Asker: 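Take this structure first; my questions come after.
Note that the structure is a prediction, hence the values are computed from the model and not measured.
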Amino acid sequence: MATCLCNHPQDTDEIQHILEVARDWALTNGMVFKPDASSAGQSQAQCAPFSLFPSVVPKQIFQQAVTCMKDFNTLMYRVAQDHDFLERALKSVIKVDPFVRGLWDIYNQVREEGMAQPISLDLFRNDFMMNTSDKKNITSAGIPPSSALQLRQIEFNTIAASFGGLIGAATHLHRYTLDLAGKPYTSSEMPDNDPARGFAAGMVKAWELYGNPDAVILFLVSGIESNIIDQRWLEFKVHQQNSKIRVIRGTLLDVHAKGSLSDDKKFILDKSEVAVVYLRTGYGEDSYTSDKEWSARLMMERSRAVKCPTVRSQLSGCKKVQQELARSGAVEGFVEDPKAVKSIRDTFAGLYSLDMGTEGDDAVKLAISSPEKYVLKPQREGGGHNIYGEEMKKLLEEMGSTKEREKFILMERIFPLPEKNYLIKSGIPLTLVDTVSEMGIYGVHIGDGDKEHLNNQCGHMLRTKMEGTDEGGIVVGFAVLDTPYIVDV
Ligand code: ADP
Ligand code: MG
């Protein structure tokens with residue numbers, strides 16, 4: 001039986017010592033934020049928030065999440081290719097949500113004129129929580145039996161999936177803190193993890209498929225990039241895999257000011273031909289403050305550059321698409337193998353449409369009658385947008401009978417098992433607190449419409465927050481980086 005981590009060291013001096021070492025470790029190994037960095041990166045580094053110890057994840061749950069990832073990659077790639085499905089899924093949202101409509105318009109315009117580049121690169125992260133239906137019947141490993149735990153998908157990220165860089169360093173950090181605390185572990189309990197290597201391999205392959213050795217990879221970033229080092233890890237790993245490839249960085253405004261399309265739709269930025277555009281921005285309204293950013297996005301989408309992601313892949317990551325995929329028969333329309341369909345479906349939580357009509361009316365009633373059991377989600381990314389509990393109830397009472405509700409979907413609320421850990425965030429006193437975790441599995445995919453050139457699962461991450469905190473973002477300050485301590489229960 002694996003070691004139980006619930007029994008963390010409590011001695012203040014011992015913990016303080018481990019904390020100091022861990023901070024220095026994080027600083028010297030690039031597990032850092034640069035809070036006020038410009039897109040070019042100039043500012044002081046500070047530790048990214050992290051948990052002092054890893055969090056227990058049962059082996060069966062971990063394996064389930066890892067094993068289904070390649071099937072999810074294929075599913076989501078095919079969803080993005082299916083115009084009729086996307087149109088049906090998003091038609092209500094497009095009418096009421098100007099941001100999604102803006103993306104839809106770009107997608108549609110480029111579809112009608114003909115896509116110049118059939119190849120697309122996707123760097124995905126599939127996020128899960130472990131729902132716990134029985135918190136009383138705890139095994140000697142400190143967690144309930146596997147039968148009382150269910151892996152549930154929270155969302156599927158198709159754009160700017162982050163922390164593949166910083167999290168690789170977290171595994172080594174946690175092995176060290178466990179050693180300092182005298183907690184034994186094996187390599188299968190604390191496995192190697194380097195998502196950035198897999199992501200970089202996807203970029204290198206996409207660059208090769210583009211076929212011009214002089215072309216560059218553009219990292220499209222926002223004006224302020226506190227998470228720049230996470231991006232640098234990818235840049236450095238691209239260089240390790242092929243030192244001939246030049247990575248450049250730029251914003252949507254840079255693309256607008258200095259970018260152009262040649263007659264044969266090559267995307268030229270500052271005299272460089274761009275082979276691959278990797279978006280770490282552009283997933284929220286605040287990335288598009290004027291027509292300039294929208295026209296830059298359109299120009300790139302029209303170009304021959306390989307996009308990561310395409311606008312249609314970004315659209316396929318909408319919560320509305322997730323909800324439509326949960327309908328009976330929907331996954332089956334994309335994936336033939338019944339085993340693959342099952343492995344995908346087994347992770348779905350309850351998802352409900354709020355479109356006008358009796359189905360949506362019933363969902364509104366359900367949420368109002370038991371607000372503690374549901375989450376209201378708009379079509380946004382990056383954390384801080386979901387609505388819970390009494391606030392959700394009030395909002396649904398106000399807008400529940402109008403088309404406004406079509407901006408959202410309703411999702412069953414997941415209740416993960418709390419676990420004790422120390423969360424290291426600047427300005428927060430060091431105490432042992434009850435935490436819950438969300439697990440992300442990274443996937444890389446390249447397709448050209450006919451052929452899958454690459455389909456891999458390439459690593460994992462944990463994000464851990466104090467129990468009772470509704471949201472889960474790290475950059476926005478709710479959660480910390482964490483790794484799984486995988487126990488066989
Ligand atoms: P975003 O695209 O903003 O990241 P998510 O769907 O991932 O949106 O939700 C943000 C956070 O809210 C998650 O990281 C998780 O902590 C919490 N959350 C989302 N859905 C649920 C749910 N069904 N049950 C419990 N918590 C949830
Ligand atoms: Mg999320």
Asker: How about T251 and D254: does a side-chain donor come under 3.5 Å of a side-chain acceptor?
Answerer: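 A donor-acceptor contact under 3.5 Å links the two side chains.
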
Asker: Rounded to the nearest 0.5 Å, what separates atom CE in M115 from atom OG in S120?
Answerer: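 Result: 9.0 Å between the selected atoms.
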
Asker: How about V321 and L315: do any of their side-chain heavy atoms sit closer than 4.5 Å?
Answerer: no

Asker: Per the side-chain hydrogen bond (donor to acceptor under 3.5 Å, both in side chains) rule, what does the pair list look like for residues 32-43, sequence neighbours excluded?
Answerer: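 Every candidate side-chain hydrogen bond (donor to acceptor under 3.5 Å, both in side chains) pair involving residues 32-43 fails, so no pair, neighbours aside, qualifies.
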
Asker: Are the aromatic rings of F124 and F72 close, with centres under 6.0 Å apart?
Answerer: no

Asker: Within the distance-only criterion (no hydrogens, no angle test), does the side chain of E301 pair as donor or acceptor with the backbone N or O of V311 below 3.5 angstrom?
Answerer: yes

Asker: Quick check: does any side chain N or O of S316 sit under 3.5 Å from a backbone N or O of A80, one acting as donor and the other as acceptor?
Answerer: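 Checking the backbone N and O of A80 against the side chain of S316, no donor-acceptor pair under 3.5 Å is found.
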
Asker: Under the side-chain contact (heavy atoms from CB on, under 4.5 Å) rule, collect the residues that match up with F236, sequence neighbours excluded.
Answerer: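 With sequence neighbours excluded, F236 shows a side-chain contact (heavy atoms from CB on, under 4.5 Å) to R232, given in chain and number order.
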
Asker: Going by the salt bridge (Lys or Arg N to Asp or Glu O under 4.0 Å) test, which pairs reach into residues 222-231, not counting sequence neighbours?
Answerer: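 Pairs touching residues 222-231 that pass the test: D230-R280.
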
Asker: With side chain to side chain donor-acceptor pair (under 3.5 Å) as the criterion, how do Q314 and R297 come out once you've worked through the C-alpha distance, each side chain's angles and the decisive distance to 0.1 Å?
Answerer: CA-CA 12 Å; Q314 178 175 355; R297 184 76 196 268; 2.8 Å; yes

Asker: Give a yes or no on whether the backbone of P54 and the side-chain of T483 come within a donor-acceptor separation of less than 3.5 Å.
Answerer: no

Asker: Report the residues that fulfil salt bridge (Lys or Arg N to Asp or Glu O under 4.0 Å) with E285, sequence neighbours left out, ordered by chain and then residue number.
Answerer: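 With sequence neighbours excluded, E285 shows a salt bridge (Lys or Arg N to Asp or Glu O under 4.0 Å) to R380, given in chain and number order.
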
Asker: Between the side chain of S287 and the main-chain N/O of G282, is any donor-acceptor distance below 3.5 Å?
Answerer: yes

Asker: Would you say the rings of H174 and Y185 are close, in the sense that their centroids are separated by under 6.0 Å?
Answerer: no

Asker: Just by distance, do the side chain of S313 and the backbone of T310 share a donor-acceptor pair under 3.5 Å?
Answerer: no

Asker: On a heavy-atom basis, which atom in A26 and which in C47 lie closest, and how many Å separate them?
Answerer: CB-SG, 3.9 Å

Asker: Residues in salt bridge (Lys or Arg N to Asp or Glu O under 4.0 Å) with K307, at least two apart?
Answerer: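 Testing K307 for salt bridge (Lys or Arg N to Asp or Glu O under 4.0 Å), a comparison that skips the adjacent residues, returns none.
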
Asker: Got a sec: does the CD of Q60 have more than 12 other heavy atoms crowding it under 6.0 Å?
Answerer: no

Asker: Take atom CD in E20; do more than 12 heavy atoms of anything else shown fall under 6.0 Å from it?
Answerer: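 Correct, the count exceeds 12.
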
Asker: Is it true that atom CZ of R345 has more than 12 heavy atoms of other residues, nucleotides or ligands lying nearer than 6.0 Å?
Answerer: yes

Asker: Does E467 have any side-chain contact (heavy atoms from CB on, under 4.5 Å) partners at least two apart in sequence or in another chain, and if so, which?
Answerer: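 E467 satisfies side-chain contact (heavy atoms from CB on, under 4.5 Å) with P418, D434, V436 only.
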
Asker: Quick one: list whatever passes ring-ring contact (aromatic ring centres under 6.0 Å, His included) with H17, sequence neighbours left out.
Answerer: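 In terms of ring-ring contact (aromatic ring centres under 6.0 Å, His included), with neighbours along the sequence ignored, H17 is linked to no residue.
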
Asker: Would you indicate whether M190, at its atom CE, is surrounded by more than 12 heavy atoms from other residues, nucleotides or ligands within a distance under 6.0 Å?
Answerer: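 Enclosed.
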
Asker: Look up atom CG in D71 and atom CD in Q457, then write down how far apart they are to the nearest 0.5 Å.
Answerer: 12.0 Å

Asker: What distance do D450 atom CG and H453 atom NE2 have between them, rounded to the nearest 0.5 Å?
Answerer: 8.5 Å

Asker: Do F33 and I474 have side-chain heavy atoms sitting under 4.5 Å apart?
Answerer: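 Yes, their side chains come closer than 4.5 Å.
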
Asker: Could you verify whether a donor N or O on one side chain and an acceptor N or O on the other, from E273 and Y210, lie under 3.5 Å apart?
Answerer: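 Per modelled atom types, E273 and Y210 side chains form a pair under 3.5 Å.
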
Asker: Indicate yes or no: does K237 engage D194 in a salt bridge with an N to O separation below 4.0 Å.
Answerer: yes

Asker: Using the ring pair (Phe, Tyr, Trp, His ring centres under 6.0 Å) rule, pick out the option among F128, F62, Y442, F163 that qualifies with H460.
Answerer: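 Among F128, F62, Y442, F163, the one that satisfies the ring pair (Phe, Tyr, Trp, His ring centres under 6.0 Å) with H460 is F62.
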
Asker: Are side-chain heavy atoms of L279 and F219 found at a separation under 4.5 Å?
Answerer: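 A side-chain contact under 4.5 Å is absent here.
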
Asker: Does the side chain of T464 pick up a donor-acceptor pair with the side chain of S51 at under 3.5 Å?
Answerer: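 Side-chain D/A pair, T464 to S51: absent.
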
Asker: When you measure from the side chain of Q64 to the backbone of S343, do you find a donor-acceptor pair of N or O atoms at a distance under 3.5 Å?
Answerer: no

Asker: What I'd like to find out is whether the side chain of M31 reaches to under 4.5 Å of the side chain of L173, using heavy atoms alone.
Answerer: yes

Asker: Please answer whether the main-chain N or O of I154 pairs with a side-chain N or O of Q322 as donor and acceptor at a distance below 3.5 Å.
Answerer: yes

Asker: Please check: side-chain N/O of W233 versus main-chain N/O of G30, any donor-acceptor pairing under 3.5 Å?
Answerer: yes

Asker: Apply side-chain contact (heavy atoms from CB on, under 4.5 Å) to C308 and list each qualifying residue two or more places apart in sequence or on a separate chain.
Answerer: L121, L123, Y278

Asker: Establish, yes or no, whether a centroid distance under 6.0 Å links the rings of Y388 and Y374.
Answerer: no

Asker: Rounded to the nearest 0.5 Å, how far does CG of L234 lie from CD1 of I229?
Answerer: 11.5 Å

Asker: If you take all heavy atoms of I424 and V480, which pair is closest and at what distance?
Answerer: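 Closest approach of I424 to V480, heavy atoms only: O-CG1, 4.3 Å.
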
Asker: Please say whether more than 12 non-hydrogen atoms of neighbouring residues, nucleotides or ligands are located less than 6.0 Å from NZ in K425.
Answerer: yes

Asker: Not counting sequence neighbours, which residues clear side-chain contact (heavy atoms from CB on, under 4.5 Å) with N131? List them please.
Answerer: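 Here the qualifying residues are Q150, R152, I414, F415.
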
Asker: As a quick check of understanding, evaluate side chain to side chain donor-acceptor pair (under 3.5 Å) for S55 and D482, giving each step before the final call.
Answerer: CA-CA 7 Å; S55 296; D482 191 1; 2.5 Å; yes

Asker: Check this for me: F99, atom CZ, are more than 12 non-hydrogen atoms of other residues, nucleotides or ligands nearer than 6.0 Å?
Answerer: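 For F99, atom CZ is crowded (more than 12 foreign heavy atoms under 6.0 Å).
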
Asker: Considering residues at least two apart in sequence or located in another chain, which fulfil the salt bridge (Lys or Arg N to Asp or Glu O under 4.0 Å) criterion with D286?
Answerer: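 If we apply the salt bridge (Lys or Arg N to Asp or Glu O under 4.0 Å) test to D286, skipping adjacent residues, there are no hits.
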
Asker: Please name all residues satisfying salt bridge (Lys or Arg N to Asp or Glu O under 4.0 Å) with D192, sequence neighbours left out, ordered by chain then number.
Answerer: R175

Asker: Which residues pass the side-chain hydrogen bond (donor to acceptor under 3.5 Å, both in side chains) test with Q81, sequence neighbours left out?
Answerer: Y77

Asker: Rounded to the nearest 0.5 Å, what separates atom CG in N193 from atom OG1 in T171?
Answerer: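 Here the rounded value is 4.5 Å.
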
Asker: Are any of the side-chain nitrogens in K320 or E324 under 4.0 Å away from the carboxylate oxygens of its partner?
Answerer: yes

Asker: Could you tell me whether E381 and K319 have a side-chain N and a carboxylate O separated by less than 4.0 Å?
Answerer: yes

Asker: Give, for atom CD1 of I224 and atom OG1 of T281, the distance between the pair rounded to the nearest 0.5 Å.
Answerer: 11.5 Å

Asker: Between the side chains of D127 and R463, is the shortest nitrogen-to-carboxylate-oxygen separation below 4.0 Å, so that they form an ion pair?
Answerer: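 Looking at R463 and D127, the cut-off is met.
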
Asker: Do the side chain of N242 and the main chain of K244 share a donor and acceptor less than 3.5 angstrom apart?
Answerer: yes

Asker: Report yes or no: does T469 contribute a side-chain atom to a donor-acceptor pair with the main-chain N or O of K465 at less than 3.5 Å?
Answerer: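 It does not hold such a pair.
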
Asker: Is R78 salt-bridged to E336, going by a charged N under 4.0 Å from an acidic O?
Answerer: yes

Asker: Under a plain distance cut-off of 3.5 Å, with no hydrogens placed, do H172 and N29 share a side-chain donor-acceptor pair?
Answerer: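 Side-chain D/A pair, N29 to H172: absent.
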
Asker: W104 versus L86: any side-chain heavy-atom pair under 4.5 Å?
Answerer: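 Heavy-atom side-chain distance check passes, below 4.5 Å.
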
Asker: Report yes or no: do R249 and Q231 form a side-chain donor-acceptor pair below 3.5 Å?
Answerer: yes

